[in-house]
Amino acid sequence: MCGIIGFCGSLPASEVLLAGLKQLEYRGYDSAGIAVLSENGIRMEKAIGNVSRLEEKLGTESFSGNCGIGHTRWATHGGVSEENAHPHHSGRVTLIHNGIIENYKEIWEKYGVGRTLVSQTDSEIAAVLFDSLYEEGKPEEAIWKAVSILEGSYAFCILFEDIPDTIYCIRKVSPLVAARVKEGSFVASDVTALIAYTQEYFVLPEDTILVLKKEEMYLENQGNQVKPELLHVNWDTTAAQKNGYPHYMIKEIHEQPEALHNTITPRMKDGIPDFEVDKIPDDIFKNIHQVKIVACGTAMHAGLVGKVLMEKRVRIPVTVEIASEFRYQNPIIDNRTLVIVISQSGETIDTLASLRLAKSEGAYTLAIVNVKGSTIARESDYVFYTHAGPEIAVASTKAYTVQLAAMVLLAVRMAYVRGIREIEKIKQDYEALKQASEAVHASLALEEEIKELTYALTEKEDLFFIGRGIDYALSCEGSIKLKEISYIHSEAYAAGELKHGTISLITEGVPVIAIATQKEVYAKMISNIREVKARGALVILITQKDTPVESSLYDYHLTVPELPDEFTPIPAAVILQLIAYYTSVHKGLNVDQPRNLAKSVTVE
Ligand code: AGP
């Protein structure tokens with residue numbers, strides 16, 4: 001939920017920190033701040049708004065000093081204000097924090113005596129705790145004592161004013177990665193802030209202190225040195241840049257053909273899905289009697305599509321669970337359950353907690369994750385990495401379509417392993433997946449037409465998505481995409497359900513995006529479209545190409561190439577993404593960093 005960066009080395013810290021924070025801004029952008037440690041002590045500056053506001057405030061005065069920490073915030077405890085911006089300072093301690101301290105009240109009652117708080121944040125109380133426990137020259141001791149008291153999630157970077165040119169870090173649940181490069185030592189919330197310097201990094205193990213110095217960096221756990229496990233990311237610096245696009249989101253929408261190719265190709269062998277490269281054994285598919293797909297937001301919507309695909313092929317119950325609900329439901333899972341968690345970031349805390357619950361109940365766990373080495377990837381029994389590259393826009397696009405591809409591959413492999421689908425059909429599925437990926441180009445070719453038609457939506461306050469079967473699952477994704485970046489209220493509805501209440505909201509000019517790509521229920525969809533059209537709806541109809549439809553039933557008609565029914569969500573999703581994107585652009589909104597949101601929800 002927040003972006004953290006720390007640097008100790010040969011470069012001016014303030015410049016390195018600001019550049020890193022800009023790469024991390026998608027993680028939260030309510031406010032930002034830096035603190036730089038030099039022979040003159042610690043200097044700190046903060047500003048409300050995004051990192052460029054902080055840069056303006058700093059002006060040409062870049063703090064002297066080559067060791068510092070920086071933070072870009074998504075508000076949890078305490079509103080958006082300069083006082084609540086990080087870094088936070090107490091006595092000899094200055095720190096930045098990502099996470100939530102659950103026992104901050106008890107800590108304040110015990111350690112806040114005689115102190116005054118500047119902010120309304122749990123993070124400042126953590127600084128009070130560290131300072132209260134700190135004995136000059138013994139930072140590790142203070143950290144071990146503090147983390148034995150702290151409850152909740154945290155990633156801390158800490159400066160002690162009497163310890164020059166040194167940053168101390170420790171994490172629990174909230175992410176931190178680090179790298180040693182020729183310019184010095186780096187720590188950050190994720191690898192996008194390091195990519196300009198290196199592709200080699202490591203994840204800071206939980207409850208291990210990382211010490212960053214100009215000439216060295218080391219890990220220690222209660223006095224024992226810990227060797228980091230190095231990871232390699234194959235992104236280059238341009239991967240996390242806009243590369244000429246006006247927004248990350250439209251760049252990532254256009255990256256989908258490549259993302260799909262890179263995700264599908266390594267898993268195909270003689271036309272049959274193959275997970276040898278992922279080291280996912282067939283055993284986990286053979287004797288299971290149920291599948292639970294657990295995720296949040298767009299990732300959960302990918303699960304909704306996956307459920308339809310998987311149940312049709314594997315003929316065992318597949319349920320889709322909202323992670324923040326699943327983890328408190330005492331779910332019925334056992335050692336013949338496969339729990340598939342889906343997460344682009346691999347850090348979503350509700351999904352992580354659900355994964356841990358599933359493991360504790362003895363279920364097989366398989367994660368579909370985009371960020372290599374992320375917490376969910378590391379804690380799952382098995383990982384299916386999507387290869388979409390960095391997704392910076394808060395609104396998830398390419399991660400969604402590669403998750404759909406992953407669901408197809410898993411469903412088909414499961415059916416193949418269980419011997420309940422003929423080889424010919426297995427190979428047809430693969431061909432259909434390839435065609436669906438190719439069909440994305442056709443959807444991208446509709447961009448200008450969609451750009452024009454979305455002018456009709458910009459003044460609307462309510463909008464409905466309707467569909468049946470897999471189109472209903474897809475409409476859930478269309479709805480969240482539109483809501484989160486255009487701020488237009490929208491709802492996804494099973495088309496057959498509309499007349500049981502909600503159709504009362506369909507009046508003259510209310511937009512209805514009708515997704516009617518499923519041939520087997522097309523006639524029923526046409527009836528539902530007639531019902532809304534009869535009440536004055538402005539209908540944007542999405543069908544497969546060459547589907548017969550009376551022109552009186554729609555105001556706009558967009559098509560995807562002819563495909564087997566369950567494969568239409570991949571190209572159709574791109575149409576919905578473009579509708580959301582251009583509606584937001586026409587409204588002049590911040591497409592990549594919509595209000596109140598952040599890219600990775602690492603707090604509950
Ligand atoms: C998608 O557009 C949203 N930004 C959000 O719903 C996101 O999909 C959700 O927070 C899950 O994130 P994850 O895939 O990183 O776990």
Side-chain angles (χ1 to χ4, degrees), residues 1-2 25-29 74 173-175 189-192 247-250 252-253 256 259 293-306 320-327 340-355 367-380 383-386 388-404 406-407 473-474 476-487 490 492 573-574 576-581 583-584 589-604:
M1 293 303 273
C2 299
E25 208 162 26
Y26 72 109
R27 300 179 62 90
Y29 29 87
W74 185 85
V173 180
S174 299
S189 299
D190 68 48
V191 72
T192 47
H247 301 101
Y248 283 109
M249 184 175 174
I250 193 65
E252 291 154 9
I253 287 173
Q256 292 180 99
I293 301 171
V294 188
C296 301
T298 286
M300 186 270 288
H301 296 153
L304 294 174
V305 173
V320 180
E321 311 286 349
I322 295 171
S324 54
E325 293 293 304
F326 178 79
R327 59 183 294 199
I340 299 174
V341 292
I342 307 176
S343 177
Q344 187 286 130
S345 64
E347 300 297 346
T348 299
I349 194 158
D350 286 319
T351 309
L352 174 61
S354 299
L355 166 66
I368 299 175
V369 173
N370 195 45
V371 176
K372 193 172 175 186
S374 54
T375 307
I376 288 171
R378 283 182 288 107
E379 294 198 13
S380 294
V383 188
F384 179 113
Y385 277 118
T386 53
E391 187 177 71
I392 306 298
V394 165
S396 187
T397 51
K398 61 180 181 174
Y400 173 74
T401 46
V402 295
Q403 287 161 359
L404 297 186
M407 295 312 302
L474 177 61
C476 296
E477 176 52 19
S479 177
I480 195 174
K481 225 43 347 115
L482 184 80
K483 276 184 284 196
E484 67 178 329
I485 62 173
S486 76
Y487 311 155
S490 77
V574 176
L576 301 177
Q577 293 162 2
L578 288 169
I579 287 174
Y581 173 76
T583 303
S584 180
L589 299 173
N590 186 336
V591 176
D592 285 333
Q593 298 174 357
R595 68 186 180 206
N596 304 344
L597 287 170
K599 184 62 180 172
S600 176
V601 183
T602 56
V603 290
E604 296 176 44

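Just follow the structure's listing: the first ligand is 1, and inside any ligand the first atom is 1. Counting from 1, the numbers follow the sequence of the chain as shown. Computed from a prediction, not measured in an experiment: that's the story for all the values here.
Residue Ala393 comes nearest to Tyr248 through the heavy atom pair N-CB, 3.9 Å, listed as atom of the first residue, atom of the second, then distance. Across Pro594 and Glu484, no two heavy atoms sit closer than the pair CB-O, 3.0 Å.
By the side-chain hydrogen bond (donor to acceptor under 3.5 Å, both in side chains) test, Glu325 pairs with no residue at all, sequence neighbours left out.
Thr397 and Gln256 share no side-chain donor-acceptor pair at under 3.5 Å. Side-chain atoms of Glu347 and Ser374 form no donor-acceptor pair, as typed in the model, at a separation below 3.5 Å. Counted by atom type alone, Tyr26 and Asp190 present one or more donor-acceptor pairs between their side chains at under 3.5 Å.
Among protein residues, Cys296, Gly297, Thr298, Ala299, Ser343, Gln344, Ser345, Thr348, Val394, Ala395, Ser396, Ile480, Lys481, Glu484, Val601 come within 4.0 Å of ligand 1, judged on heavy atoms.
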